[in-house]
Amino acid sequence: MMYDVEMETLPREDLEALQLRRLKQAVERAYYNVPFYRSQFDELGIHPEHIKRLSDVAYLPLTEKQDLRNNYPFGLFAVPRENVVRIHASSGTTGKATVVGYTKRDVKNWAQLMARSFMAAGVTRRDTVHNAYGYGLFTGGLGAHYGAEELGATILPVSGGGTKRQVMLLHDFKPTVISCTPSYALHLADVAQATGIDFKDLSLHTGIFGAEPWTNELRAELQTKLNINALDIYGNSEVMGPGLAMECLTAQQGLHIWEDHFLPEIIDPETKEPLPYGEAGELVLTTLTKEAQPLIRYRTRDLTRLMPIPCRCGRTHLRMDKVLGRSDDMLIIRGVNVFPSQIESILLETEGVAPHYQLILRREASMDTLEVQVEVNENIFSDEIKHLQRLERKLKNNIKEFLGVTADIKLVEPQTISRSEGKAKRIVDQRQKD
Ligand code: DLL
């Protein structure tokens, strides 16, 4: 089932013609209304008229997150302030927040793209969505909220936190769909279990999970534990919010990027050169319809690849692979590059280990060291010490063998790693303190 069959199945040729038309408009909008873009273009000697083909996008300047910060708060708006109906912001870990504005039409487009995303996951107007993404300046809560309403589903605007109460609502209101971060879904299931409620007895059939990287191993875990279909949703606040790209239930492999609104590219993060389809690199997105704050070639820092093979679901929009991680989350341990998601895969493939972990980085004698703290299951924890030692050795060996890094493994009791109501904190970097 599709929310917008015509657009979602538009033949590639027509889709690309539409993209080119919209790209030209977007570039003009940015050039003539945003002084930052005008000076960037002028510096490179580029004029909107130079855009003749879609591939010409590669001549345009890249936009960095820092550019949003430098123009804080409203310096990248392309419309008069009175046309902005909503503002979101992402806090970020350092420095100023990045701010994003929306016109009435932007908000409408977003709701429609979220409705498309829900429907691609098999959600219909007969469903009730328990929305545990945080409401507020974060785009997750309101993004999913208006998408579900646009679809005609019933929305429960639960937001994050109050986990025990959420369990009660899941039991009493019988929602059929849950939207939250995958790590919070796990936490909810654990808390439910502790209060004697088995998620399998609830009415949920689908989870719409995103806002943080998660592996197919975690998907398998969630699907079994919650007895649902777990689908991946991608987005970032700078470009729009959740619903830029969504996995379809049919294939459950790769996320369709809604290409009538966003032009994706993959670049080599070092050389910044565009990479061909299929090659892994950094996702760069250009907004094609955003009015309030058009972004040209925004560097998401997310590492993925574009999958040009047509999807079984019939949608013609390109898919991107599951995000491996952010280039800024890549760990370099004694020269070896590792992503937290690769460690997650290894942990979850190992019997006896729970999907709660944290990576602690330290610097010892000017060498970076990695400690993997991971919870073990209740029954394993009460096992003999030699069993625990065997498990530790197994994990250490697998990480060494598959990823080439030496990690210290620290098995910890169930419930020791702190749980998050939003994005899980996987990395604790103590290197600066040394
Ligand atoms: O996390 C928007 C969102 C809300 C997406 C709800 C999906 C669901 P930001 O806080 O700006 O926005 O964070 C964006 O989160 O650049 C990725 O690094 C990461 N991210 C988002 N979705 C996924 C995903 C929201 N499905 C940043 N897989 C992005 C992996 C994701 N990483």
Side-chain angles (χ1 to χ4, degrees), residues 63-65 68-69 87-93 95-100 102 110 113-114 117-118 120-121 129 131-148 158-160 177-185 207-216 218-219 222 230-248 252-258 262 264 269 280 282-285 293 295 298-305 319-330 339-342 344-345 420-427:
T63 308
E64 307 269 353
K65 198 180 186 106
L68 275 90
R69 295 214 173 103
I87 289 170
H88 279 283
S90 85
S91 56
T93 41
K96 293 258 192 220
T98 48
V99 175
V100 58
Y102 304 78
W110 184 13
L113 293 183
M114 263 311 299
S117 303
F118 273 123
V129 181
N131 185 24
Y133 284 119
Y135 281 64
L137 286 172
F138 175 56
T139 51
L142 288 174
H145 181 102
Y146 286 110
V158 189
S159 194
V177 177
I178 183 162
S179 49
C180 60
T181 57
S183 54
Y184 190 58
I208 310 285
F209 300 135
E212 63 186 9
W214 57 302
T215 57
N216 280 323
L218 185 54
R219 184 210 301 273
L222 282 164
L231 293 140
D232 195 1
I233 184 162
Y234 171 82
N236 61 49
S237 26
E238 294 82 10
V239 175
M240 181 182 79
L244 288 177
M246 179 74 209
E247 239 175 18
C248 61
Q252 261 202 29
Q253 196 179 36
L255 297 85
H256 291 279
I257 300 176
W258 302 126
F262 310 102
E282 180 182 329
L283 178 69
V284 166
L285 292 167
Q293 195 170 326
L295 287 183
Y298 179 67
R299 292 190 67 176
T300 64
R301 302 281 165 179
D302 293 318
L303 300 169
T304 181
R305 65 192 177 98
R319 283 175 291 169
M320 61 184 243
D321 209 349
K322 231 172 166 0
V323 172
L324 175 65
R326 293 180 60 78
S327 55
D328 25 20
D329 275 351
M330 186 177 75
F339 287 96
S341 60
Q342 293 176 301
E344 178 179 297
S345 292
S420 152
E421 288 159 3
K423 299 176 192 249
K425 187 170 168 53
R426 300 296 193 199
I427 302 174

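Count residues from 1 along the sequence. Predicted model only: the values in this text are computed from it and were never measured. Both backbone and side-chain heavy atoms feed into the values below; hydrogens, waters and symmetry mates do not. Atoms within a ligand are numbered from 1 in the order they appear, just like the ligands themselves.
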Tell me, which protein residue and heavy-atom name are nearest atom 11 (O) of ligand 1, and how many Å apart are they?
Ser237 OG, 2.4 Å

Using a strict cut-off of 4.0 Å, indicate which atoms of ligand 1 neighbour a heavy atom of Tyr133.
6 (C), 8 (C)

Under 4.0 Å, heavy-atom basis, I'd like to know which part of Glu212 is in contact with ligand 1: side chain, backbone, both or neither.
backbone

Polar atom proximity, Arg326 to ligand 1 (N or O, under 3.5 Å)
yes

With distance as the sole test, does Ser237 use its side chain to make a donor-acceptor pair with the main-chain N or O of Ala89 at under 3.5 Å?
no

Taking side chain as C-beta onward, heavy atoms only, is Cys180 less than 4.5 Å from Phe209?
yes

Heavy-atom contacts under 4.0 Å between Asn236 and ligand 1: side chain, backbone, both, or neither?
both

Near Gly140 (heavy-atom distance under 4.0 Å), the atoms of ligand 1 are 4 (C), 6 (C)

Does an N or O from Asp302, backbone or side chain, lie closer than 3.5 Å to an N or O of ligand 1?
yes

Quick note on ligand 1: atoms under 4.0 Å from a heavy atom of Gly210 include exactly 7 (C), 8 (C), 26 (N)

Protein heavy atom at shortest distance from atom 10 (O) of ligand 1:
Lys423 NZ, 3.0 Å

Quick check: does Leu255 get an N/O under 3.5 Å from an N/O on ligand 1?
no

Side chains of Arg426 and Ser183 in contact at under 4.5 Å (non-hydrogen atoms)
yes

Which is closest to atom 21 (C) of ligand 1 by heavy-atom distance: Gly235, Pro242, Cys180?
Gly235

Yes or no on salt bridge (charged side-chain N to carboxylate O under 4.0 Å, His left out) for Glu212 and Lys425, after CA distance, side-chain angles and deciding distance?
CA-CA 10 Å; Glu212 63 186 9; Lys425 187 170 168 53; over 6 Å; no

So do Leu255 and Met246 actually touch side chain to side chain, heavy atoms under 4.5 Å?
no

Using heavy-atom distances, let me know which of Ile233, Val100, Asp329 sits nearest atom 26 (N) of ligand 1.
Ile233

Just say parallel, tilted or perpendicular for the rings of Trp110 and Tyr102, cut-offs at 30° and 60°.
parallel

Should the heavy atoms of other residues, nucleotides or ligands under 6.0 Å from CD of Gln342 be counted, would the total exceed 12?
yes

Contact partition for Thr181 relative to ligand 1, non-hydrogen atoms under 4.0 Å
neither

State, to 0.1 Å, how close Trp258 and Gly243 come at their nearest heavy-atom pair, and which atoms those are.
CD1-O, 3.0 Å

Compare Gly134, Ala211, Ser90, Ser179 and give the one whose heavy atom is closest to atom 19 (C) of ligand 1.
Ala211

Under the salt bridge (charged side-chain N to carboxylate O under 4.0 Å, His left out) test against Asp302, which residue among Lys322, Arg326, Lys65 passes?
Arg326

